[in-house]
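Heavy-atom basis, side chains included; hydrogens, waters and symmetry copies ignored.
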Amino acid sequence: MPDSFRAMHRPGDPFILANAWDAGSAKMLVAMGAKAIATSSAAHAFTLGRPDTGTITRDEALAHAQDLIAAVNVPVSGDFENGFGASPDTCAETVRLAAEIGLAGICIEDTALPDSAPYDAALSTERIRAAASAARALPRDFFLVARADGVLTGHYDTEEAVARIQAFEAAGADGVYVPGPPSMEALGRLVKATDLPFNALVAGPFATHSRAEYAALGVARLSLGSALARATYRTIQTAGEAMFGTQGRFDALATGLPFDVLNPMLQ
């Protein structure tokens with residue numbers, strides 16, 4: 001590969017970790033310039049006709065990740081929710097299994113899925129410590145990102161997120177991720193609170209900011225989460241409402257990509 005996944009994480013020069021949901025979307029994103037691909041637990045769940053938040057199994061996530069790995073020639077990282085279990089040992093095993101199928105890394109969050117509440121701080125840290133220890137024991141490099149999701153879910157504030165990512169850093173994580181901070185200013189505080197590469201989620205109001213703005217804060221990685229998938233589903237909703245509405249209009253279908261543009265991206 002032209003650049004290792006770890007080497008892509010440069011604070012102040014963020015790369016876009018493009019979250020795909022099937023082989024076709026992964027291949028399109030790489031054809032348009034993505035240097036790395038990630039799974040999205042939410043977008044994967046949508047493809048299975050399920051809602052987000054703890055509805056896919058570890059085996060399903062691993063099989064899905066293998067499909068994306070086989071489709072592209074760039075590093076693939078796994079959005080592996082809470083590591084698929086509460087115990088530190090389960091998180092460590094998830095790291096080993098992820099590495100075995102060829103993932104370049106994964107992220108593990110501190111939410112006690114399928115509930116929205118977080119694990120307590122001590123357990124959250126021990127889970128990352130076990131995952132990091134497993135990653136260090138692997139025969140090849142593996143990039144572990146620790147997520148503090150309580151700000152996003154409304155269960156703790158930015159100060160608690162700072163404490164958690166600092167604990168995750170001490171526990172051996174390679175990068176940290178706090179999705180959904182209250183503002184860009186809060187994001188900047190979080191980035192400065194750790195020496196590790198910081199992943200920022202580009203979704204919702206944060207999609208109105210440019211890569212340059214994230215770079216100025218010192219962000220190292222920009223992930224899309226399920227935002228691109230949900231934008232695609234928005235297109236389906238818009239077209240469907242027009243088709244099945246009283247006027248029976250099909251105008252939205254006229255904006256589809258032509259075959260001569262789409263086909264080459266999938267070859």
If hydrophobic clusters are built by linking Ile, Leu, Val, Met, Phe, Trp and Tyr wherever their side-chain heavy atoms come under 4.5 Å apart, do [X] and [Y] end up in the same one?
{"X": "Val261", "Y": "Leu253", "result": "no"}
{"X": "Ile69", "Y": "Met28", "result": "yes"}
{"X": "Leu266", "Y": "Phe259", "result": "no"}
{"X": "Phe206", "Y": "Leu152", "result": "no"}
{"X": "Ile236", "Y": "Leu257", "result": "no"}

Side-chain touch [X]/[Y], heavy atoms, less than 4.5 angstrom:
{"X": "Lys27", "Y": "Met265", "result": "no"}
{"X": "Val191", "Y": "Leu187", "result": "yes"}
{"X": "Arg136", "Y": "Phe142", "result": "no"}
{"X": "Arg127", "Y": "Asn82", "result": "yes"}
{"X": "Phe198", "Y": "Ile165", "result": "yes"}
{"X": "Leu123", "Y": "Asp120", "result": "yes"}
{"X": "Asp141", "Y": "Phe5", "result": "no"}
{"X": "Leu113", "Y": "Thr55", "result": "no"}

Keeping the roles fixed (side chain from [X], backbone from [Y]), state whether a donor-acceptor pair exists under 3.5 Å.
{"X": "Gln247", "Y": "Ala242", "value": "no"}
{"X": "Glu160", "Y": "Asp157", "value": "no"}
{"X": "Thr194", "Y": "Leu196", "value": "yes"}
{"X": "Ser25", "Y": "Asp22", "value": "yes"}
{"X": "Ser133", "Y": "Arg129", "value": "no"}
{"X": "Arg211", "Y": "Ile16", "value": "no"}
{"X": "Thr39", "Y": "Asp79", "value": "yes"}
{"X": "Arg58", "Y": "Gly83", "value": "no"}
{"X": "Tyr156", "Y": "Asp149", "value": "yes"}
{"X": "Glu213", "Y": "Ser210", "value": "yes"}

Drop me the distance from [X]'s [atom1] to [Y]'s [atom2], to the nearest 0.5 angstrom.
{"X": "Leu224", "Y": "Arg230", "atom1": "CG", "atom2": "CZ", "value": "10.5 Å"}
{"X": "Met243", "Y": "Asp251", "atom1": "CE", "atom2": "CG", "value": "11.0 Å"}
{"X": "Arg221", "Y": "Phe143", "atom1": "CZ", "atom2": "CZ", "value": "6.5 Å"}
{"X": "Phe168", "Y": "Asp174", "atom1": "CZ", "atom2": "CG", "value": "13.5 Å"}
{"X": "Tyr177", "Y": "Leu190", "atom1": "OH", "atom2": "CG", "value": "13.0 Å"}
{"X": "Cys91", "Y": "Phe84", "atom1": "SG", "atom2": "CZ", "value": "10.5 Å"}

Requested in this report: Given side chain to side chain contact (heavy atoms under 4.5 Å, CB included), test Val145 with Ile106 step by step and report yes or no.
Outcome: CA-CA 6 Å; Val145 171; Ile106 61 172; over 6 Å; no
Query raised in the report: Just checking, any donor-acceptor pair under 3.5 angstrom between side chains of Ser87 and Thr90?
Result: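 Indeed, the side chains of Ser87 and Thr90 share at least one donor-acceptor pair under 3.5 Å.
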**Report entry** Any side-chain donor near an acceptor of the partner, Ser223 and Asn199, under 3.5 Å
**Finding:**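 Yes - a donor-acceptor pair under 3.5 Å links their side chains.
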Query - SB check Asp110 Arg164 (cutoff 4.0 Å) - result: yes
Query raised in the report: Among Ile101, Leu103, Val76, which residue meets the side chain to side chain contact (heavy atoms under 4.5 Å, CB included) test with Gln66?
Result: Ile101
What's the shortest heavy-atom distance between [X] and [Y], and which atoms?
{"X": "Ala132", "Y": "Leu144", "result": "N-CD2, 3.5 Å"}
{"X": "Ala220", "Y": "Pro197", "result": "CB-CB, 3.7 Å"}
{"X": "Ala229", "Y": "Ala43", "result": "CB-CB, 3.6 Å"}
{"X": "Ala61", "Y": "Ile56", "result": "CB-CD1, 4.3 Å"}
{"X": "Glu81", "Y": "Gly54", "result": "OE2-N, 3.1 Å"}
{"X": "Cys107", "Y": "Arg147", "result": "SG-CD, 3.8 Å"}

Query raised in the report: Would Thr235 and Thr238 satisfy side chain to side chain contact (heavy atoms under 4.5 Å, CB included), going step by step from the backbone distance to the final call?
Result: CA-CA 5 Å; Thr235 299; Thr238 299; 5.8 Å; no
**Report entry** Tyr233 vs Phe46, side chain to side chain contact (heavy atoms under 4.5 Å, CB included): CA-CA, chis, key distance, verdict
**Finding:** CA-CA 9 Å; Tyr233 280 93; Phe46 301 157; 3.4 Å; yes
Requested in this report: Start with the C-alpha gap between Ser41 and Asp52, add the side-chain angles, then the distance that decides, and say whether side chain to side chain contact (heavy atoms under 4.5 Å, CB included) holds.
Outcome: CA-CA 7 Å; Ser41 58; Asp52 183 24; 4.2 Å; yes
**Report entry** Ring geometry between His64 and His44 (parallel below 30°, tilted from 30 to 60°, perpendicular above 60°)
**Finding:**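 Geometry flag for His64 against His44: parallel rings.
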**Report entry** Intermediate values then yes/no, ring-ring contact (aromatic ring centres under 6.0 Å, His included), Phe15 and His9
**Finding:** CA-CA 7 Å; Phe15 75 101; His9 294 76; 4.9 Å; yes
Query - Greater than 12 external heavy atoms within 6.0 Å of Arg249's CZ - result: no
Report task. Count the heavy atoms of every other residue, nucleotide or ligand shown that sit under 6.0 Å from CZ of Arg140, and state whether that count exceeds 12. Result -> yes
